[in-house]
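Taking it in order: structure first as structure tokens, then the write-up.
What's counted below: heavy atoms across the whole structure, side chains too, no hydrogens, waters or symmetry copies. This is a predicted model, so every value here is computed, not measured.
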Amino acid sequence: METKRKILIIEDEHDISRILRDYLTKNQYEAAVASNGQDGLQIMDMLQPDYIILDIMLPDMDGIDVCREIRRRNNIPILILSARGSDTDKVLGLGFGADDYMTKPFSLSELLARINAHFRRYDSLAIEQDRTHLLRLANLEIDKKAYKVTLDGKEVSLSAKEFELLHYLASNKNQVFSKSQLLDAIWGYAAYGDENTVTVYIRRLREKIEADPSHPTVLKTVWGVGYKFNVE
């Protein structure tokens with residue numbers, strides 16, 4: 001029997017968490033619920049979920065702090081749910097390591113589509129037989145099988161989505177991709193996604209691999225078009 005993937009819901013509104021749990025269970029996921037940040041972190045350590053749905057407004061901790069703590073411990077994909085829908089809040093959530101962001105009220109079918117898209121992308125990467133799994137570009141080495149990046153011989157800490165975006169661009173060096181193309185390739189839901197997500201992730205990658213993030217030489221912006229991994 002195929003093992004069900006585990007999703008942890010960290011949400012203090014009982015009605016929402018119950019609906020989410022029942023809906024995900026109906027759609028062949030194993031769902032667990034925590035009603036505050038501390039419980040969520042404890043359950044995460046015990047359950048080792050494959051995906052986390054995280055509310056920003058929690059009774060004991062700010063959801064952003066929970067997100068930051070989750071990311072400090074591991075690279076579990078995080079989707080933030082929030083009643084705060086401003087671009088600033090989205091950028092803040094993504095900046096602290098979230099992989100996705102939805103505002104309340106939200107569509108259950110859209111939420112499921114995003115989760116399914118993530119796992120399809122993950123499975124595709126996992127089973128892909130690519131002889132060029134190890135990319136060496138100047139002082140950067142990208143190992144797709146190990147999900148590991150080293151810069152000047154030192155390992156760079158990346159989230160799963162940061163790695164996938166970097167690997168995709170590096171595998172197609174000097175090719176320019178629009179934000180919508182990258183959103184579809186990495187997140188798999190261009191019809192639903194916010195292109196600002198790509199902007200945030202490019203900025204985060206530059207901060208980690210560029211000598212001068214404000215004047216990038218590797219992850220270049222092609223104005224009016226998109227981004228490329230630049231190799232002279």
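- Checked against D99 for a salt bridge (charged side-chain N to carboxylate O under 4.0 Å, His left out), the options R114, R71, R121, R204 give a single hit: R71.
- Residues C67 and G97 come closest through the heavy atom pair SG-C, 4.1 Å.
- Proximity of T25 to E30: side-chain heavy atoms (C-beta onward) are nowhere separated by under 4.5 Å.
- F119 and Y51 have tilted rings, their planes meeting at an angle from 30° to 60° on a 0 to 90° scale.
- For the residue pair I9 and S17, the shortest heavy atom distance occurs at CD1-O, 4.2 Å.
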Q) Under the side chain to side chain contact (heavy atoms under 4.5 Å, CB included) criterion, do K104 and S82 qualify, and how do the steps go? A) CA-CA 6 Å; K104 298 177 180 178; S82 176; over 6 Å; no

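- Of the charged side-chain nitrogens involved, none lies within less than 4.0 Å of a carboxylate oxygen, so that D50 and K4 do not count as a salt-bridged pair.
- We find that D212 and R206 are not joined by a salt bridge, their nearest charged nitrogen and carboxylate oxygen being 4.0 Å or further apart.
- A32 approaches L47 most closely through the heavy-atom pair CB-CD2, 3.7 Å.
- Look at E210 and K220 and you find no salt bridge, because none of the NZ, NE, NH1 or NH2 atoms lies under 4.0 Å from a carboxylate O.
- The six-membered or imidazole ring of Y168 lies away from that of F229, with a centre-to-centre distance of 6.0 Å or more.
- Of the charged side-chain nitrogens involved, none lies within less than 4.0 Å of a carboxylate oxygen, so that K161 and D100 do not count as a salt-bridged pair.
- Considering every non-hydrogen atom in both L219 and L205, the closest pair reads CD1-CB, 3.5 Å.
- With salt bridges taken as basic N to acidic carboxylate O contacts below 4.0 Å, one links R136 and E141.
- Of the possible donor and acceptor atoms, one in the side chain of D60 sits under 3.5 Å from a partner among the backbone N and O of Q38.
- With hydrogens and angles left out, the side-chain atoms of K179 and T199 include a donor and acceptor closer than 3.5 Å.
- Of the possible donor and acceptor atoms, none in the side chain of N75 sits under 3.5 Å from a partner among the backbone N and O of A160.
- No donor-acceptor contact under 3.5 angstrom links the side chains of Y101 and N196, judged on distance only.
- When all heavy atoms of V33 and I43 are compared, the pair lying nearest together is O-CD1, 3.7 Å.
- For the pair L79/L111, a side-chain contact is recorded, criterion being any heavy-atom separation below 4.5 Å from C-beta on.
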